[in-house]
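Worksheet for the structure shown next.
Side chains included, hydrogens not; waters and symmetry mates left out as well; all remaining heavy atoms used. Index from 1, following the sequence.
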Amino acid sequence: MTTCQVDPTNRLVLERNYDYAQKNVRILSMWYECETKRMIELLAENDIDLSANDELLFGSYYQSVR
């Protein structure tokens with residue numbers, strides 16, 4: 001029997017999980033057990049757009065990373 005390994009930083013997985021977290025960076029960072037800043041970096045590096053609320057809170061940092 002083979003096991004399936006999912007890379008949580010894969011763009012598609014990350015985008016799906018952001019949707020599951022109701023497009024909330026803080027919730028997603030809790031799920032990933034990482035700093036909010038790091039989660040913003042992962043989203044920016046994978047060209048995943050922020051929600052309107054996250055854009056207001058973190059947009060300038062997101063754009064600087066992107």
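Between the OG atom in S29 and the CD1 atom in I40 there is a gap of 8.0 Å [rounded to 0.5 Å]. In this structure, F58 CZ and N53 CG are separated by 10.0 Å, a value rounded to the nearest 0.5 Å. To the nearest 0.5 Å, the span separating CE on M39 from CG on N17 amounts to 8.5 Å. Rounded to the nearest 0.5 Å, atoms CZ (R11) and CG (L43) are 10.0 Å apart. To the nearest 0.5 angstrom, L42 atom CG is 11.5 Å from N10 atom CG.
Salt-bridge annotation for R38 and E45: present, with a side-chain N of the basic residue lying under 4.0 Å from a carboxylate O of the acidic one.
Under 3.5 Å, the side chains of Y62 and D54 contain no donor-acceptor pair of N or O atoms. A donor-acceptor contact closer than 3.5 angstrom is absent between the side chains of Y18 and N46. A donor-acceptor contact closer than 3.5 angstrom links the side chains of E41 and Y61. When only modelled atom types and interatomic distance are considered, D7 and T9 share a side-chain donor-acceptor pair under 3.5 Å.
Partners of D47 under the salt bridge (charged side-chain N to carboxylate O under 4.0 Å, His left out) rule, at least two apart in sequence or in another chain, are R66.
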Mind running side chain to side chain contact (heavy atoms under 4.5 Å, CB included) on L28 and L14 for me, showing each step along the way? CA-CA 9 Å; L28 189 61; L14 188 60; 4.3 Å; yes
May I have the step-by-step check of side chain to side chain contact (heavy atoms under 4.5 Å, CB included) for L57 and R26, ending in yes or no? CA-CA 11 Å; L57 295 170; R26 289 187 174 132; 4.0 Å; yes
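No chain of hydrophobic side-chain contacts below 4.5 Å, direct or via other Ile, Leu, Val, Met, Phe, Trp or Tyr residues, connects W31 to L12.
Scanning all heavy atoms of the two residues, the minimum distance from I27 to A21 falls at CG2-CB, 3.7 Å.
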